[in-house]
Q: 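Sharing a structure here in structure tokens format.
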Amino acid sequence: MASNVASVAISAPSASLVSLRGNPKQRIGFGKKHADLVFKGKRRDWRRYYRWKRMDSSVIFFTMQFLDLLSDISFVDKAKAYNQYGDDMEMACVVLCACLYLSVIQCKRRGKRTTFYNKDVRKVDPSSVNERVFTRVSMAVTVNSSHFEGVTMAPPDPILGVSEAFKADTSDLKLNLGVGAYRTEELQPYVLNVVKKVEKLMLERGENKEYLPIEGLAAFNKATADLLLGADNPVIKEGRVATVQGLSGTGSLRVAAAFIQRYFPDSKVLISSPTWGNHRNIFNDASVPWSEYRYYDPRTVGLDFDGMVTDIKAAPDGSFVLLHGCAHNPTGIDPTPEQWEKIADVIQEKNHIPFFDVAYQGFASGSLDEDAFSVRLFVKRGMELFVAQSYSKNLGLYAERIGATNVVCSSSEAAVRAKSQLKRLARPMYSNPPVHGARIVANVVGDPNLFSEWKEEMEIMAGRIKNVRQRLYENLIQKDKTGKDWSFILKQIGMFSYTGLNKAQSDNMTNKWHVYMTKDGRISLAGLSVAKCEYLADAIIDSFHNVS
Amino acid sequence: MGIENARDQSSSPGRRLATLARHLSVGDTSLISSRGEAIDTAPTAGFHGGSVFANVAQAPEDPILGVTVAYNKDPSPMKVNLGVGAYRTEEGKPLVLNVVKKAEKMLLNNPSRVKEYLPITGLADFNKLSAKLIFGADSRAIQENRVATVQCLSGTGSLRVGAEFLARHYNERAIFIPQPTWGNHPKVFTLAGLSVKTYRYYDPKTRGLNFQGLLEDLNMAPSGAIVLLHACAHNPTGVDPTLDQWEQIRRLMRSKSLLPFFDSAYQGFASGNLDADAQSVRMFVADGGECLMAQSYAKNMGLYGERVGALSIVCESADVAVKVESQLKLVIRPMYSNPPIHGASIVATILKDREMYHEWTIELKAMANRIISMRQQLFNALSARGTPGDWSHIIKQIGMFTFTGLNKEQVSFMTREYHIYMTSDGRISMAGLNTKTIPHLADAIHAAVNRTK
């Protein structure tokens with residue numbers, strides 16, 4: 001029965017059967033044959049009247065033939081057609097017009113009104129629609145719906161939300177420990193003096209802004225590999241390191257992930273539990289499978305070393321193991337040198353490929369060499385590995401997006417090939433990297449005076465963080481009479497600390513004490529001043545002991 | 001062992017079988033590769049067994065950027081680089097605009113300037129001003145808050161982010177690109193997950209637009225397909241539709257619900273007038289329909305290496321625009337987190353200051369005029385030599401590039417004998433020419449054409 005309606009509508013010049021005057025909602029008829037659908041005058045129960053008797057669905061007209069037809073002219077989305085427009089009177093009218101008035105080319109809906117246009121893009125008076133021309137149903141009907149109708153609102157970034165809530169808080173006591181950027185004792189952002197100096201020099205020199213090569217600034221690439229591995233490292237002397245400038249840590253990780261996806265499609269990446277939130281997103285978007293290895297032990301607020309080693313051993317041979325070079329984010333917990341040796345043993349045993357994320361070289365301990373210990377250890381063992389570097393924190397170049405992807409290979413020839421393929425992945429992503437940050441780094445590292453200055457400023461930044469850790473610890477042991485072991489504050493390193501506070505306790509920190517931090521109990525020491533250590537200690541003790 | 005991501009579970013059957021085979025194989029030393037061949041060491045054996053990168057082949061040099069590499073290696077004093085599309089002065093030197101230097105000085109001297117992370121979507125001022133620049137300050141789409149704009153890494157980055165967004169959220173995967181088009185376009189779209197198809201564009205016989213072919217091919221495109229359009233100064237041909245033709249393209253595309261994706265790399269640089277070069281785009285936006293727009297400041301502000309650009313998505317409603325922007329952030333965050341600040345700050349400084357903006361338009365016009373003058377001079381030089389063929393396309397085409405119509409053999413001849421460096425499709429960058437090098441180029445073309453007669 002339903003199909004009769006549809007085929008009649010298409011084949012018969014039944015325009016004369018219908019009058020469409022005034023408000024389409026009120027007058028629409030279909031001829032005596034289809035009495036169910038004839039309707040004149042005002043009616044309240046539209047919907048029922050338009051329901052096809054034989055179909056339970058409230059969608060009428062949509063027979064297979066008609067549906068295909070409407071889908072072909074992009075009138076409806078076939079996948080969603082059923083039961084979507086049945087209650088939409090305006091749509092029903094438009095559909096009727098589309099099938100009855102074949103010379104109608106366009107039906108445009110603006111709010112409640114539908115206007116019809118013929119192929120000469122002239123408005124058509126609906127009541128006079130009786131043009132004799134029967135064009136094929138190549139009519140295009142646009143109903144002013146978005147191509148992006150199905151796009152849903154993405155969830156807000158969890159870390160950003162912390163900063164926003166902080167801004168909205170009017171309390172004088174508020175403290176932002178969610179921030180992942182260094183702050184001075186006055187809790188202000190910090191541009192390194194050496195960076196300001198270099199930018200001035202660069203401007204005076206009047207350098208050009210030509211495209212960098214796809215692999216980035218050569219001077220930067222050399223400087224960054226030297227910094228990471230030590231300029232006299234045999235792998236550098238032998239040309240076995242492929243270095244490509246990248247968009248800070250994230251960009252460098254992403255290009256490396258794309259390389260892994262292409263050349264190691266059967267391998268997965270092991271990431272620590274927990275790890276920086278964006279690691280998962282990067283591997284997901286690069287279509288690289290991942291799984292977690294145990295890392296944080298909440299009982300000790302320290303490293304679950306046995307769990308880590310067991311999980312790395314259990315993974316299939318040839319997996320990639322993502323390791324934080326130093327200052328683990330978010331826990332602040334690093335393996336000891338002895339533990340690093342053991343980890344290297346296991347990785348070699350399993351023929352895994354180490355993949356280091358080095359975002360804090362020099363920023364953690366204050367010493368560039370000390371913070372590179374883990375990477376250099378693995379390289380010394382002769383392993384081939386990946387390293388993603390970032391200069392966001394240690395040179396305060398956050399917004400300049402400067403970092404590098406390094407691949408240490410067993411031969412210089414392999415390094416050449418690897419580099420060429422990294423370029424091939426970067427080109428369709430952003431063509432070539434931004435020049436400004438690269439020049440800053442190259443100039444700082446390339447000038448012995450500036451380089452010394454940089455090391456001094458880095459020691460000051462790392463020193464300030466170590467100092468607030470110390471002060472916080474002292475306040476905690478002084479105020480907390482329960483004898484709880486707070487030494488993890490001193491053992492942890494870098495910008496972040498896992499306090500061991502759970503979600504409810506973290507909420508208490510925020511709600512009662514106006515201390516903003518992430519729900520996993522992570523605080524950013526970079527956002528803490530000596531002056532606020534006492535207050536923070538009070539907050540932590542209260543949250544820990546009085547909230548569960 | 002902990003959490004694994006869904007992708008691991010949904011890996012292809014082939015991949016699972018191969019991994020399974022590896023685990024079930026007898027003894028560690030006789031592992032089977034995914035193709036069933038026995039290999040005597042684990043594929044990731046490391047240093048002592050061989051490299052894990054053994055199967056990583058050497059990639060060929062990028063065809064466009066490779067031209068400059070070859071040019072740099074050439075010791076000849078006669079050499080001319082007409083490869084990459086970067087502007088050169090009459091003296092053959094790269095140019096940093098005066099207004100850009102001014103802006104940089106202002107930024108440097110601003111004591112409150114910091115280097116904190118930008119939001120994922122980039123510098124807000126820059127985004128608003130960029131949308132205004134391309135869509136017009138009086139654009140209804142902007143006034144109605146229907147435009148979602150995010151700062152990206154120049155044109156390439158904007159195209160890639162837009163394409164990734166479409167691959168995830170749009171129901172049609174096919175993108176139609178003109179034939180020919182910029183060499184990097186197909187790679188960008190393919191890696192983003194779109195399926196690349198072509199539509200006819202260039203007519204080698206007329207060295208102009210194959211308009212009939214273009215309309216036919218777009219008409220055959222499936223409804224809802226994405227169509228890449230060069231807003232002006234088509235790269236590599238320099239052939240643009242007329243305004244009438246643009247109107248016909250617009251009507252056809254809207255009638256078939258095709259989604260326009262504009263690539264605007266030369267606004268102001270093509271004709272010398274910012275508004276004129278944006279007319280095609282504004283025509284589409286004025287009809288209330290949706291489109292994507294990838295904008296680049298590499299050429300028109302000379303900010304090549306700073307990687308400044310913007311992706312704008314014009315949506316049907318403000319509601320949709322908000323949702324679209326939220327999803328764009330999810331594409332950007334795992335790619336590079338947030339965009340670089342330096343170039344965007346320069347652009348924002350210039351665009352928001354009336355005087356600096358005006359200065360910019362003057363410098364822009366000067367660059368465009370120099371290129372137009374090079375076209376005329378080259379045409380004159382070829383006419384003077386009586387080089388066989390119709391060379392009027394040199395002055396008819398617009399923008400930085402000219403599609404000479406020379407073939408591969410002629411191009412290699414010119415490189416070998418005359419040290420002219422250009423891409424093998426016969427494209428030359430007019431920006432790389434000056435009054436002194438034009439006679440040399442004309443000689444080379446003359447010789448190449450006569451040689452293969």
Side-chain angles (χ1 to χ4, degrees), chain A residues 74 140 146-148 151-154 181 189 191 199-200 203 208-212 247 250-251 254 263 266 268 273 278 281-282 284-285 287 289-292 311 314 317-318 351 353 382-384 396-401 409-411 414 417-418 420-421 424 427-431 434-436, chain B residues 1-5 7-8 15 18-19 42-47 51-53 56 58-59 62 86 94 96 104 108 114-118 153 156-157 160 169 187-188 191 223-224 255-257 259 290 302-307 315-316 320 323-324 326-327 330 333-337 340-342:
Chain A
S74 74
S146 173
H147 286 93
F148 310 118
V151 175
T152 54
M153 193 72 188
V191 179
E199 282 191 304
K200 196 148 176 276
L203 193 63
N208 68 42
K209 296 194 178 297
E210 292 300 286
Y211 287 126
L212 284 179
L247 293 148
T250 310
R254 179 59 179 267
Y263 290 101
D266 297 327
K268 67 173 169 178
S273 168
N278 208 21
N281 301 330
I282 293 170
N284 284 341
D285 276 18
S287 301
W290 53 266
S291 67
E292 288 183 318
D311 290 349
D317 280 30
N351 289 314
I353 304 176
M383 289 189 252
E384 293 181 301
L397 294 177
Y398 306 92
E400 302 289 353
R401 317 313 292 134
C409 309
S410 56
S411 69
R417 284 184 280 116
S420 74
Q421 294 297 347
R424 221 172 123 228
R427 172 68 159 153
M429 215 185 272
Y430 50 81
S431 277
V435 67
H436 196 72
Chain B
M1 176 96 152
I3 311 168
E4 300 194 8
N5 65 340
R7 227 155 284 246
D8 201 22
R15 186 154 85 172
T19 316
T44 52
F47 194 30
S51 172
V52 306
F53 305 115
V56 175
Q58 171 78 32
D62 180 279
V96 179
E104 274 192 307
L108 193 71
V114 292
K115 291 195 180 297
E116 294 301 290
Y117 288 126
L118 284 178
L153 284 118
T156 310
R160 179 63 180 262
H169 297 284
K187 298 176 201 148
V188 172
L191 281 199
S223 165
S255 77
K256 291 196 58 84
S257 208
L259 180 63
E290 296 177 318
L303 294 174
Y304 307 93
E306 302 289 353
R307 317 312 291 132
C315 307
E316 182 251 346
V320 172
K323 295 188 194 147
V324 164
S326 75
Q327 293 291 353
L330 293 191
R333 174 72 162 143
M335 209 186 273
Y336 50 85
S337 280
I341 193 174
H342 196 69

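Proteins get letters first, then strands, A, B, ... in listed order; numbering begins at 1 in each.
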Q: With a 4.5 angstrom heavy-atom cut-off, which part of B/V56 approaches chain A: side chain, backbone, both or neither?
A: both

Q: Looking only at non-hydrogen atoms, find the nearest pair between A/P428 and B/R160 and report the distance.
A: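 That closest heavy-atom pairing would be O-NH1, 2.9 Å.
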
Q: Looking at every non-hydrogen atom in both residues, tell me the closest pair between A/I282 and B/P334 and how far apart they are.
A: CG1-O, 3.5 Å

Q: What are the two closest non-hydrogen atoms of A/P434 and B/L153, and how far apart are they?
A: CD-CD2, 4.2 Å

Q: Compare every heavy atom of B/A59 with every heavy atom of A/R424, then report the nearest pair and how far apart it is.
A: CD-CB, 3.6 Å

Q: Please report the interatomic distance CG(A/N281) to CG(B/L330), rounded to the nearest 0.5 Å.
A: 8.0 Å

Q: For A/N208, which atoms come within 4.5 Å of any heavy atom of chain B: side chain, backbone, both, or neither?
A: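 Backbone plus side chain of A/N208, per the 4.5 Å heavy-atom cut-off to chain B.
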
Q: Please look at B/L191 and chain A and tell me whether the side chain, the backbone, both or neither of the residue comes under 4.5 angstrom of a heavy atom of that chain.
A: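 When you check distances to chain A, only side chain atoms of B/L191 fall under 4.5 Å.
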
Q: As a quick check of understanding, evaluate side-chain contact (heavy atoms from CB on, under 4.5 Å) for B/L259 and A/F148, giving each step before the final call.
A: CA-CA 11 Å; B/L259 180 63; A/F148 310 118; 3.9 Å; yes

Q: Sort B/V320 into side chain, backbone, both or neither according to what part of it lies under 4.5 angstrom from a heavy atom of chain A.
A: side chain

Q: Given that the side chain runs from C-beta out, which part of A/S273 has a heavy atom under 4.5 Å from chain B: side chain, backbone, both or neither?
A: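 Neither the backbone nor the side chain of A/S273 comes within 4.5 Å of chain B.
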
Q: Quick check on the interface: out of A/K200, A/R427, A/M429, who has the most heavy-atom pairs with chain B under 4.5 Å?
A: A/R427

Q: Describe, in one word, how the ring planes of B/Y304 and A/Y211 are oriented to each other, choosing from parallel (under 30°), tilted (30 to 60°) and perpendicular (over 60°).
A: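 Perpendicular, since the angle between the ring planes exceeds 60°.
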
Q: Taking side chain as everything from C-beta outward and backbone as N, CA, C, O, which of these in A/V191 sits under 4.5 Å from a heavy atom of chain B? Side chain, backbone, both or neither.
A: side chain

Q: With B/E104, which residues qualify under salt bridge (Lys or Arg N to Asp or Glu O under 4.0 Å), at least two apart?
A: A/K209

Q: Please enumerate all residues that pass salt bridge (Lys or Arg N to Asp or Glu O under 4.0 Å) together with A/R417, with sequence neighbours excluded.
A: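 With sequence neighbours excluded, A/R417 shows a salt bridge (Lys or Arg N to Asp or Glu O under 4.0 Å) to A/E413, given in chain and number order.
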
Q: What's the shortest heavy-atom distance between B/R333 and A/N278, and which atoms?
A: O-ND2, 3.0 Å

Q: Quick one: CG on B/L118 to CD on A/E400, what's the gap to the nearest 0.5 Å?
A: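 Reported to 0.5 Å precision, the distance equals 9.0 Å.
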
Q: What's the shortest heavy-atom distance between B/L108 and A/L203, and which atoms?
A: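 It is CD2-CD2, 3.9 Å.
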
Q: Backbone N or O of B/S257 within a donor-acceptor pair of the A/H147 side chain at under 3.5 Å?
A: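 Between the backbone of B/S257 and the side chain of A/H147 there is a qualifying donor-acceptor contact (under 3.5 Å).
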
Q: Could you have a look at B/R307, B/Q327, B/M335 and say which one has the most heavy-atom pairs with chain A under 4.5 angstrom?
A: B/R307

Q: For a side chain to side chain donor-acceptor pair (under 3.5 Å) with A/S146, tell me which candidate from B/E316, B/K323, B/E290 qualifies.
A: B/E290

Q: Could you check which of B/K187, B/E306, B/K115 has the highest count of heavy-atom pairs closer than 4.5 Å to chain A?
A: B/K115

